Amino acid sequence: MQLVRAHVLVCGGTSCTSSGSKQVQEVFQKELEKHKLEQEVKIVETGCHGFCEMGPLVIIYPEGTFYVRVTPEDVPELVEEHLLKGRIVNRLLYKAPVTEEQIPTYKEIAFYRKQLRVALRNCGSINPENIQEYIARGGYEGLEKVLFEMSPEDVIAEVKRSGLRGRGGGGFPTGLKWEFCRRSPGDLKYLICNADEGDPGAFMDRSVLEGDPHSVIEGMTIAAYGIGCREGYIYVRAEYPLAIKRLKIAIAQAEELGLLGENILGSGFSFDLHIKEGAGAFVCGEETALMASIEGRRGMPRVRPPFPAQRGLWDKPSNINNVETYANVSVIILRGADWFAGMGTEKSKGTKVFALTGKINNTGLVEVPMGITLREIIFEIGGGIVGDKQFKGVQIGGPSGGCIPVELIDTPIDYESLIAAGAMMGSGGLVVMDETTCMVDLARFFLNFTQSESCGKCTPCREGTKRMLEILTRICEGKGVPEDIDTLERLGRVIKGTALCGLGNTAPNPVLSTLRYFRHEYEAHIMDKRCPAHACSALLVFTIDEEKCIGCGRCLKACPVGAISGAKKEPHKIDPEKCIKCGTCFEKCRQNAILRL
Amino acid sequence: MCECGCTQPAEDVQKERELETLFESWRGVKGSLIPILQGAQAIYGYLPREVLLQIARETGIPPSRVFGVATFYAQFHLSPRGRNIVRVCLGTACHVRGGARIFERVQQELEIGNNETTPDLRFTLETVACLGCCGLSPVIMVNDDTHGRLAPDKLKDILVNYQ
Ligand SMILES: Cc1cc2nc3c(=O)[nH]c(=O)nc-3n(C[C@H](O)[C@H](O)[C@H](O)COP(=O)(O)O)c2cc1C
Ligand code: SF4
Ligand code: SF4
Ligand code: SF4
Ligand code: FES
Ligand code: FES
């Protein structure tokens, strides 16, 4: 390999690409050529670093200097100052949210300091389109060890001992699942990777596939060897074109090196891997629906048992795991079950990746050891709440999950504690809410999602979620009646207990958990016709305080529907008939003369 | 015009050839209905009725099942769509950061509602639950371009770029 003195890592994840990282990379190339540095400095396009909000990101090694929001115009300066003169370009460094302190390297940033990267070990550090970079970091050594030093039973025993549990939501012990499938009678067995990632606000699996596709392929091949599968499928959400592209490249490269396909590394073990593109249905993330979809049918769940391990794809025993689950496998093999089991809590081992979003300073993808508290994630890694707003709670687990209020912020993150708090690990969406988020509206948002994604096969879910949504909509519009709360709770309990699949079983969770912790918000909407967060527009009234109004006319000009009238320098008025409650005037007035009730 | 002298436009002939190739590449592969539908939609931009019937004939799958699958998945469209597809993200992160206001403004700008197409076939408007760029929320996607960190006022300038 050619010796270079510096590496310029340009993030090529989806978010950074959409903020212009491709152009940044092109200008780097030109500038390096201009200064005749192309032999000395190498540009590497990487996957997502998780800190997308600050993108496009550029990291320059060996120093590890971390530049944020880099535009193509900044590049000539970076090349001249940093690469030629060795001087850091301060204005492009990351600034800590509160102290405004400039932080030069990656490792010192609070966002990264508390993270522990296992599944994301290579994301952002290697070029995902080059298998050699994966191999250089120990990639495929786990597979080699398995093929030549371990029996399939050893593999399963090792994964069992590590305590790895499924990262797709349910948290079922992975080794045990493999063992069930291995023991199922039959020669033909299928291995499936669930990359449907339907949670509307989460992108962990996407980042792994885009940033380190080989870790999933290697994990799957190891699983296939352990279980005894000859053929496998990766079912990827259609909205992830870049992930699909990188997977295709990765599969082709692995096949070329004999790491996938016929007679892998001459061991006699063969495994073929196919990609299946989803077609846009959330319910296809459910395992039996996903298999129906691979078979080319409508993606509707069916009753279990039989479980996939007994009768799955094309009625053959099948094993299905999530992307992140597979991404953990090869390091477990390589570093040992004890090492893995040393992280996390008694029942939840290892780490979990979360997509941290909402009203928080550092949004992005974070990987943390199990057992860390919500407080640490939100206030240390996440840098706290945006602006001077009050923290209200977090929503965890997406449409299947629930809300955890500020009082429970010291809850440790593990499968059992989250269930006890009325939420669940889910796939890993973590949405932070402040005082301006209305919990009734949020519950309605999730129910609207599950209701429209219900496949319609069973009545409790098809009809029940519709009734619940109607009630929630009514409450948000100020037309709620006191019985609504009881009805919601009763419907929620019935749907949970009787729906056929996980979609229906968990759909009421966002409503039930907000009713548990934020009942007063429901009551305010119903009894006082008031939205405490000032978010439900139907319940807002805008008026102008005549004492404070100086008649500057700013609000009058800004109102999109002409609801405001008044002469210059005279107090203005809002016509409640015309007002559409958009809130524009409230934001524009500098005298605080507009009242929002 | 077609080479053989019939009145079929050359473009249609070209599409039919592509469809033939698609059928060939999936012949005998199990579970091929969805990839075939995806391929056919890539050729025609949507799934015309005749094409669905042709798929049924070629694969031997009953038309009722072909239509059943095509109508089940959100990805498939049975009527023509605009030249530019605007997809407004209404996922959780975008919702919490004002995605609904973006959606309202896009509807006003384009004068169409969700899943509708402008009469001049310039735009089709859709919503999507998370584009995987939550760090940039609120986000919209026009064709393959993602636009993030949006405010309602920025939309006009973005949409003019798509003709
Ligand atoms: C409605 C619904 C959607 C689901 N979506 C996903 C998903 O997007 N990704 C995923 O890995 N698992 C999803 N699951 C869970 C899968 O059914 C399955 O349990 C999981 O893929 C097993 O893998 P694991 O043991 O590695 O977690 C979903 C389940 C339900 C009921
Ligand atoms: S619970 Fe809902 S999504 Fe699941 S099978 Fe029943 S109707 Fe379909
Ligand atoms: S912007 Fe405020 S001060 Fe100015 S006219 Fe409107 S209400 Fe009065
Ligand atoms: S809330 Fe909107 S519509 Fe109502 S008066 Fe203010 S600017 Fe006009
Ligand atoms: S895409 Fe660049 S940091 Fe996520
Ligand atoms: S919620 Fe909009 S991009 Fe994720």
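Remember, predicted model here, so these are calculated numbers, not experimental data. Here is the naming used below: chain letters follow the sequence lines, and residue numbers restart at 1 for every chain.
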* Asked: Taking everything shown except B:R49 itself, do over 12 heavy atoms lie less than 6.0 Å from its CZ?
  -> no
* **Among the listed options B:G148, B:C89, B:A129, B:P152, the residue most often paired with chain A at heavy-atom distances under 4.5 Å** => B:A129
* **Under 4.5 Å from a heavy atom of chain B, the part of A:A279 involved** => both
* Which pair of non-hydrogen atoms, one from A:A202 and one from B:C134, has the smallest distance, and what is that distance? -> N-SG, 4.3 Å
* **Engaged part of A:F51 at the chain B interface, taking heavy atoms whose separation is under 4.5 Å** => neither
Could you work out all donor-acceptor pairs shorter than 3.5 Å where one atom is in chain B and the other in chain A?
from, atom 1, to, atom 2, distance (Å)
B:K30, NZ, A:Y190, OH, 2.6
B:G31, O, A:K276, NZ, 2.8
B:Q38, NE2, A:E277, O, 3.3
B:Q38, NE2, A:G278, O, 3.0
B:R65, NH2, A:G296, O, 3.1
B:G68, O, A:R298, NH1, 2.7
B:Y73, OH, A:S293, OG, 3.0
B:Y73, OH, A:R297, O, 2.7
B:Y73, OH, A:G299, N, 3.0
B:A74, N, A:G280, O, 3.0
B:Q75, N, A:A279, O, 2.9
B:T92, N, A:P200, O, 2.6
B:T92, OG1, A:P200, O, 2.5
B:H95, NE2, A:D441, OD2, 3.0
B:R97, NE, A:G358, O, 3.2
B:R97, NH2, A:G358, O, 3.1
B:A129, O, A:R237, NH2, 3.1
B:C130, O, A:R237, NH1, 3.4
B:C130, O, A:R237, NH2, 3.3
B:L131, O, A:R206, NH1, 2.5
B:R149, NH2, A:E53, O, 2.7
B:R149, NH2, A:G55, O, 3.2

* Most contacts with chain B, counted as non-hydrogen pairs under 4.5 angstrom, among A:G296, A:P399, A:G50, A:G55 -> A:G296
* **Leading residue by heavy atom contact count with chain B [cutoff under 4.5 Å; candidates A:F203, A:F445, A:F449, A:F282]** => A:F445
* Partner chain A: residue of B:C94, B:G68, B:A93 with the largest heavy-atom pair count (under 4.5 Å) -> B:G68
* What part of A:C284 is in contact with chain B, defined as an atom under 4.5 angstrom from a non-hydrogen atom: side chain, backbone, both or neither? -> side chain
* Could you tell me which non-hydrogen atom of B:F72 sits nearest to which non-hydrogen atom of A:A281, and how far apart they are? => CE2-CB, 4.1 Å
* Asked: Taking A:G299, A:G364, A:G280, A:C48 one by one, which has the highest count of heavy-atom pairs under 4.5 Å against chain B?
  -> A:G299
* Could you have a look at B:L33, B:L131, B:L90, B:V96 and say which one has the most heavy-atom pairs with chain A under 4.5 angstrom? => B:V96
* Against chain B, work out which of A:G201, A:C52, A:P200 has the most heavy-atom pairs shorter than 4.5 Å and name it. => A:P200
* Answer with side chain, backbone, both or neither: which region of A:L430 has an atom nearer than 4.5 Å to a non-hydrogen atom of chain B? => neither
